[in-house]
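Computed from a prediction, not measured in an experiment: that's the story for all the values here.
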Amino acid sequence: MNKQDFCLIYLFLALGGRVTVREHNLFSSIMKHEGYDDADIKEVGRNTMSIIASAYSDNDRETIIRHQFEKYSQDNTKKGNTVHNRTVLWTLINLGFSDSSYSKAEQRLVHLFAKNMNLGKSYVLEMEDTAKSLLSVQQEKEFLDSLEQSGKRNKIYTELELTQKSLHKQISTLVQLG
């Protein structure tokens with residue numbers, strides 16, 4: 001992914017008015033995984049926040065961000081690269097669920113992105129359902145981690161890990177094959 005992709009993703013995170021520490025850390029880890037450094041991460045954050053600094057209200061901020069999503073889709077030279085577009089879509093959805101609250105505003109932007117990138121609605125819904133499943137598995141794992149029971153906990157935990165790996169494989173297949 002390029003810096004333009006990451007600016008779009010950071011705008012998505014800023015939709016609620018601020019980017020939480022958890023969201024920023026997830027964002028940073030994604031950028032670092034793609035080969036970017038701390039200076040690049042700060043640059044994307046600054047550039048993105050300057051875009052929405054003029055917003056007077058939540059609705060105004062959403063309008064500004066929606067405009068940037070539209071501009072991205074018009075300018076995106078990778079429009080024909082469906083694997084790339086699916087990867088950006090999955091990143092948006094995954095980050096939308098990262099705070100356990102996939103808001104209506106986030107859903108609208110995800111669906112706008114998918115529509116502009118010619119990704120079908122059923123495809124988006126399948127990705128959203130998979131993200132919900134991953135979130136449920138993660139929450140269950142966190143609950144089990146809080147338990148001190150070793151016998152039942154280990155068996156259930158192992159089953160959850162297998163389910164989580166299966167869901168990750170499904171996402172990989174969805175991204176590659178559509």
### Task
With rounding to the nearest 0.5 Å, note down the distance linking CG in Leu8 to CG in Leu92.
6.0 Å
#### Entry: Gap between atom CD of Gln107 and atom CG of Leu112 - 0.5 Å precision
13.5 Å
#### Entry: Pairs touching residues 102-119 that satisfy salt bridge (charged side-chain N to carboxylate O under 4.0 Å, His left out), sequence neighbours left out
Glu62-Arg108
### Query
For the atom pair OG1 (Thr130) and CG (Leu125), what is the distance rounded to the nearest 0.5 Å?
10.5 Å
### Task
Scan for salt bridge (charged side-chain N to carboxylate O under 4.0 Å, His left out) pairs involving residues 117-137, sequence neighbours excluded, and state none if there are none.
Asp129-Lys132
For residues 160-168, which side-chain donor-acceptor pairs fall under 3.5 Å, sequence neighbours excluded?
unit_1, atom_1, unit_2, atom_2, d
Thr163, OG1, Glu159, O, 3.0
Gln164, OE1, Lys141, NZ, 2.7
Gln164, NE2, Gln138, OE1, 3.3

### Query
So, do Met127 and Val175 sit near enough that their side-chain heavy atoms are less than 4.5 Å apart?
yes
#### Entry: Gap between atom CG of Leu89 and atom CE of Met117 - 0.5 Å precision
10.0 Å
### Query
Any idea which heavy atoms bring Ala131 and Ile93 closest together, and the distance?
CB-CG2, 3.6 Å
#### Entry: Pairwise distance CZ(Arg86) to CD1(Ile171) - rounded to 0.5 angstrom
11.5 Å
#### Entry: Side-chain touch Glu70/Asn116, heavy atoms, less than 4.5 angstrom
yes
### Shortest non-hydrogen separation from Leu174 to Tyr123 and the atoms involved
O-OH, 2.8 Å
### Task
Under the side-chain hydrogen bond (donor to acceptor under 3.5 Å, both in side chains) rule, collect the residues that match up with Ser136, sequence neighbours excluded.
none
### Query
What is the distance from atom OG of Ser29 to atom CD1 of Ile41, rounded to the nearest 0.5 Å?
8.5 Å
### Message
Would the distance check show the side chain of Arg66 and the main-chain N or O of Leu109 forming a donor-acceptor pair, the cut-off being under 3.5 Å?
### Response
no
### Pairs touching residues 26-56 that satisfy ring pair (Phe, Tyr, Trp, His ring centres under 6.0 Å), sequence neighbours left out
Phe6-Phe27, Phe6-Tyr36, Tyr10-Phe27
### Query
In a check of side-chain contact (heavy atoms from CB on, under 4.5 Å) between Val19 and each of Asn25, Leu13, Leu11, which one passes?
Leu13
### Task
Would you check if the side chain of Ser172 reaches a backbone N or O of Lys169 as a donor-acceptor pair within less than 3.5 Å?
no
### Message
Please check: side-chain N/O of Asn47 versus main-chain N/O of Val44, any donor-acceptor pairing under 3.5 Å?
### Response
no
### Message
Tell me the closest heavy-atom pair linking Asp5 and Met1, and the distance in Å.
### Response
OD2-CA, 3.3 Å
### Query
Which atom names give the shortest non-hydrogen contact between Ala14 and Arg61, and what distance separates them?
O-CD, 3.4 Å
### Those residues that, when tested against Asp38, pass salt bridge (charged side-chain N to carboxylate O under 4.0 Å, His left out) (two or more places apart)
Lys32
### Query
With a 4.5 Å limit on heavy-atom distance, are the side chains of Val110 and Tyr102 in contact?
yes
### Query
Where is the tightest heavy-atom contact between Phe113 and Val88, given as atom of each residue plus distance?
CZ-CG1, 3.5 Å
